Protein chains: 2
Amino acid sequence: MPPMNRNSPALSSDSASVQDYVKAIYASTEWRDQPVTSSQLAVRLGVANSSVSGMVRKLVDLGLAVHEPYSAIELTAEGHRLALAMVRRHRLLETFLVQELGYAWDEVHDEAELLEHTVSDTFIERLANKLGHPERDPHGDPIPAADGTVDVPEANQLGRLDPGHTGHIIRISDANPDLLRFLSAERISLDSRVEVMGHRPFGGPLVVRIGSAEHLRELDLGDEAAAALWVANDTPHENCLLRT
Amino acid sequence: MPPMNRNSPALSSDSASVQDYVKAIYASTEWRDQPVTSSQLAVRLGVANSSVSGMVRKLVDLGLAVHEPYSAIELTAEGHRLALAMVRRHRLLETFLVQELGYAWDEVHDEAELLEHTVSDTFIERLANKLGHPERDPHGDPIPAADGTVDVPEANQLGRLDPGHTGHIIRISDANPDLLRFLSAERISLDSRVEVMGHRPFGGPLVVRIGSAEHLRELDLGDEAAAALWVANDTPHENCLLRT
DNA sequence: TCCCTTTTTTCGGCATACCTAAATTTACGA
DNA sequence: TCGTAAATTTAGGTATGCCGAAAAAAGGGA
């Protein structure tokens, strides 16, 4: 049974699975450039390693990925295009769910994950139009343009910055809905200002001063929160402050 | 691979196929009460007869349909509930596509057909809310309420009315997009007034006077158009005018 | 260098929904 | 009543994507 997308030049070669695999491969290189291994994909997609082997062979046959047996998996130009098309779909849908249907931050991911395979190109472009062609989604992830161009801002995970660094939050990973709810409750959002203070003794939580442009308050953040918040430099030349 | 609906009590038992079959069975009884046969289902769903036999067995196993071999297929109460839930989804989605995304009449059916299997109950209820809980879709089909109640208006196909009958159009079948475009071009829409004049000689087209409350103009309609337009009586007691 | 652990691939199987072709049952006219 | 044509079901087979188990390759420590 192939109920798949009609009307989708960029998405011509696909079952939902192909799309998911390509997107997962792309995701592991979007914010830091690490080629992905078979087992990492299996974890991310929640399937067995053997399933990944099988599907990766198919991706290679379709010309979407390159893969030497027993080594990392990478996308072809074609695969990269497909991944960006899917990411565009996903992020426009998330934006729609939040702006038009009143979804909360932490609710949109799963819904968009399903819808992105189903809607037509026409739907997506009309939606983009209605939303005014937004450039980032509710989590701060950049939305690729219809022509496949993306601008991924320079940013680092908060937890990887040294004390003294200042910046503002431009991305919040949506991997963990609980964390998103916590951040909501603490009124931490995109564009919040943040200053890194340092760790509490004995490897304790990271202390930051965080809030709106006017009101910064001190807050302790656990490792997961520190990893989920991505910060753009206020002082882009002081990269020396970045812990490597 | 079962990527199906989470979060859907009324829709718990389903692949997309089950939903489609149940909806198709329901559809054949919505406007006139005719139980559907195996081969009719096959035509409607675009599959082979043998596929219908197989899936109907499954529907029976799931408690969604009743079926004596070699006879007509009917829904159980449970199947009827599922069908109404799917119809609600479909019609709300069509309404959304037209009202919010600027789709034309004739474009919405296929898109809704895919989306209805994918969106969550949460999505549907928030959408209903945003749309103001509409009672009919862009084609005039009634939208079942969330609790499963529907009000299917009394109506007859225009082609089945005798000369002299007057009424207004409350439903336009969306089965043929070309026909919808024709009707659009002729500015025939929901709530248009119509008077049946009669057939041109030798079984020619049906002549009607049709238009808005003020301006009626004469128009010839072919059999397909006359079958697609459903008319509510202005004079509900004169059923004698209905050709049987 | 060798071995043992970890990673990855291969192999056989399951489930779904579809198809074609071959039975079977029904229904209607002679 | 019979017999054939039409409708329907069964039987056997395809494709997809998943799994677990077993085989194969890679990699690091002694």
Side-chain angles (χ1 to χ4, degrees), chain A residues 1-6 11-25 28 34-74 79 82 86 113-114 116-118, chain B residues 1-6 11-25 28 34-62 64-74 82 86 113-114 116-118:
Chain A
M1 177 207 68
M4 269 307 87
N5 281 295
R6 72 266 96 108
L11 285 60
S12 47
S13 48
D14 9 282
S15 68
S17 278
V18 167
Q19 297 171 353
D20 281 336
Y21 277 80
V22 166
K23 205 167 53 119
I25 298 169
S28 70
Q34 301 214 333
V36 71
T37 69
S38 196
S39 45
Q40 286 172 321
L41 270 188
V43 170
R44 191 187 288 260
L45 292 165
V47 300
N49 285 333
S50 55
S51 305
V52 173
S53 288
M55 278 300 292
V56 167
R57 188 205 320 290
K58 179 173 177 178
L59 296 185
V60 171
D61 288 348
L62 289 171
L64 298 172
V66 279
H67 183 220
E68 290 304 306
Y70 295 99
S71 63
I73 299 151
E74 286 177 280
L82 176 58
M86 295 311 300
E113 195 73 27
L114 292 179
E116 68 190 15
H117 302 298
T118 305
Chain B
M1 176 209 65
M4 268 310 89
N5 281 296
R6 70 265 94 108
L11 284 62
S12 46
S13 48
D14 7 279
S15 69
S17 277
V18 167
Q19 296 171 354
D20 280 336
Y21 277 81
V22 166
K23 203 167 54 117
I25 298 168
S28 71
Q34 302 214 333
V36 71
T37 69
S38 197
S39 44
Q40 285 172 322
L41 271 187
V43 170
R44 191 187 289 258
L45 293 165
V47 300
N49 285 333
S50 57
S51 305
V52 173
S53 287
M55 278 300 294
V56 167
R57 188 202 323 290
K58 179 173 177 178
L59 296 185
V60 171
D61 289 348
L62 289 171
L64 298 171
V66 280
H67 183 218
E68 289 304 307
Y70 294 100
S71 63
I73 299 151
E74 286 177 279
L82 176 58
M86 294 310 300
E113 195 72 28
L114 292 178
E116 67 190 17
H117 302 298
T118 304

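Values below: all heavy atoms of this structure, side chains included; hydrogens, waters and symmetry mates excluded. Proteins come first, then strands; the chains are lettered A, B, ... in the order of their sequence lines, and each starts at number 1. All of these numbers come straight from a predicted model, not from anything done at the bench.
Considering only side-chain atoms of A/Y70, the nucleotide from D/dT8, C/dC18, D/dA25 that sits closest is D/dA25. In this structure, of D/dC18, D/dT9, C/dT9, it is C/dT9 that holds the atom nearest to the side chain of A/H67. Nearest nucleotide to the side chain of A/S51, out of C/dT8, C/dC19, D/dC19: D/dC19.
Within residues 40-50 of chain A, the residues that have a heavy atom under 4.0 Å from DNA chain C are, in order of number, A/N49, A/S50.
Put simply, NZ on B/K58 is 12 Å from P on C/dA15, counting in whole angstrom units. The nearest whole Å value for the distance from the CG atom in B/L59 to the P atom in C/dT16 is 13 Å. The CD-C1' distance, from B/Q19 to C/dT16, rounds to 15 Å in whole Å. Between the CZ atom of B/R57 and the C1' atom of C/dC18 there is a distance of 15 Å, rounded to whole Å. The interatomic distance linking B/L62 (CG) with C/dT16 (P) rounds to 10 Å, in whole Å. When the P atom of D/dT9 is taken as reference, atom CD of B/E68 falls 11 Å away, rounded to whole Å.
Nucleic acid contact for B/S71: none, since no nucleic acid atom lies under 4.0 Å from a heavy atom of the residue. Nucleic acid contact for A/S38: sugar-phosphate only, since backbone atoms but no base atoms lie under 4.0 Å from a heavy atom of the residue.
Side chains of B/S28 and B/Q40 form no contact here, defined as non-hydrogen atoms less than 4.5 Å apart. Between B/R44 and B/K23, every side-chain heavy-atom pair lies at or beyond the 4.5 Å cut-off. Looking at heavy atoms from C-beta onward, B/D20 lies in side-chain contact with B/E116 at the 4.5 angstrom threshold.
Across all non-hydrogen atoms, the minimal contact from A/V52 to A/S38 is CG1-OG, 3.5 Å. Nearest heavy atoms, B/A16 versus B/H117: O-CE1, 3.6 Å. What you find for A/Y21 and A/L59 is that their closest heavy atoms are CB-CD1, 3.8 Å.
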Side chain to side chain contact (heavy atoms under 4.5 Å, CB included) between A/E74 and A/I25, intermediate numbers included: CA-CA 7 Å; A/E74 286 177 280; A/I25 298 169; 5.8 Å; no

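At D/dT8, none of the side-chain N or O atoms of B/S53 fall inside 4.0 Å of OP1 or OP2 (strictly under the cut-off). For D/dA7, the OP1/OP2 oxygens have no side-chain nitrogen or oxygen of B/T37 closer than 4.0 Å.
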